[in-house]
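Here the structure comes first, spelled out in C-alpha cells, and everything after it is commentary.
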Amino acid sequence: MTVTTYEQLREIALDELRGALERRGLNPAQLDDGMDLLAAGVIDSFGFIDLVAAMETRSGLGIDLAAVPPETLTTVRGLVQGFLQGASA
C-alpha cells in the first residue's frame, strides 16, 4: 500500500521517532513539525538514515534527498514534503 497524504507520512515518521522523542521528554502528538530533530538531539546522522529507510519501506514512496533543501531535511515537515514531492514526480 502506498501512503499518499501528509498526515499518513507524518504518522509514520512520528511512530519511528516515538522512542527517541519520549526519551527526551517530548510528546510525539504535540511535536512541532518544524523542529530540527538533529539539533534537538532526537536523531543523529545514522538515525536520519534509519528514519528515511523506514519511511520508504513503510510508505512505499521514495525521496530524492538532492531535491529537498538541506536545512529542512532534519524536520518532520521537510521529510514528509520531500516524500510527497517524490510521489508527484
Side-chain angles (χ1 to χ4, degrees):
M1 177 177 96
T2 300
V3 174
T4 59
T5 69
Y6 184 94
E7 292 77 19
Q8 290 171 319
L9 282 164
R10 181 182 189 274
E11 187 57 38
I12 291 170
L14 292 180
D15 187 50
E16 293 295 326
L17 293 166
R18 186 168 314 283
L21 289 166
E22 289 174 349
R23 282 190 294 279
R24 282 153 189 80
L26 299 169
N27 181 345
Q30 298 175 339
L31 183 74
D32 173 2
D33 288 1
M35 182 181 82
D36 187 322
L37 300 168
L38 188 63
V42 175
I43 58 172
D44 58 15
S45 57
F46 293 113
F48 172 77
I49 293 167
D50 290 342
L51 176 59
V52 169
M55 289 180 70
E56 287 180 335
T57 299
R58 290 181 60 185
S59 71
L61 300 174
I63 184 171
D64 179 0
L65 296 174
V68 181
E71 64 275 5
T72 66
L73 276 175
T74 56
T75 68
V76 169
R77 181 181 303 118
L79 276 173
V80 169
Q81 289 173 342
F83 273 94
L84 290 173
Q85 282 177 338
S88 65

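Note that these values count all heavy atoms, side chains included, but never hydrogens, waters or copies made by symmetry. What you see is a predicted model, and the numbers here were worked out from it, not measured in a lab.
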Would you call L38 and L73 a side-chain contact if the rule is heavy atoms closer than 4.5 Å?
no
Give the C-alpha distance, both sets of side-chain angles, the deciding distance and a yes or no for side chain to side chain contact (heavy atoms under 4.5 Å, CB included) between V42 and R24.
CA-CA 7 Å; V42 175; R24 282 153 189 80; 4.0 Å; yes
Please tell me if the side chains of L17 and L26 come closer than 4.5 Å, counting only heavy atoms from C-beta onward.
no
Could you tell me if the side chain of S59 sits less than 4.5 Å from the side chain of Q8, heavy atoms only?
no
Could you state the interatomic distance from CG (N27) to CG (L21), rounded to the nearest 0.5 Å?
9.0 Å
Would a hydrophobic clustering, with Ile, Leu, Val, Met, Phe, Trp and Tyr connected at side-chain separations under 4.5 Å, put L51 with L65?
yes
Could you give the distance from CG (D36) to CD (E71), rounded to the nearest 0.5 Å?
10.5 Å
Any Q85 side-chain heavy atom under 4.5 Å of V68 side chain
yes
Scanning both residues in full, the closest heavy-atom pair of L9 with L84 reads CD1-CD2, 3.5 Å
Would you say M55 and I63 make side-chain contact, with heavy atoms under 4.5 Å?
no
Separation between CD of E11 and OG1 of T5, rounded to the nearest 0.5 Å:
10.5 Å
Using every non-hydrogen atom in the two residues, find where R77 and G34 come nearest and quote the distance to one decimal.
NH1-CA, 3.3 Å
Non-hydrogen side-chain atoms of T72 and Q81 separated by less than 4.5 Å:
no
On a heavy-atom basis, the closest approach of G62 and E56 is CA-OE2, 3.9 Å
With side chain to side chain contact (heavy atoms under 4.5 Å, CB included) as the criterion, how do I12 and F83 come out once you've worked through the C-alpha distance, each side chain's angles and the decisive distance to 0.1 Å?
CA-CA 12 Å; I12 291 170; F83 273 94; over 6 Å; no
Is any side-chain heavy atom of F48 closer than 4.5 Å to a side-chain heavy atom of L79?
yes
What I'd like to find out is whether the side chain of V76 reaches to under 4.5 Å of the side chain of R10, using heavy atoms alone.
yes
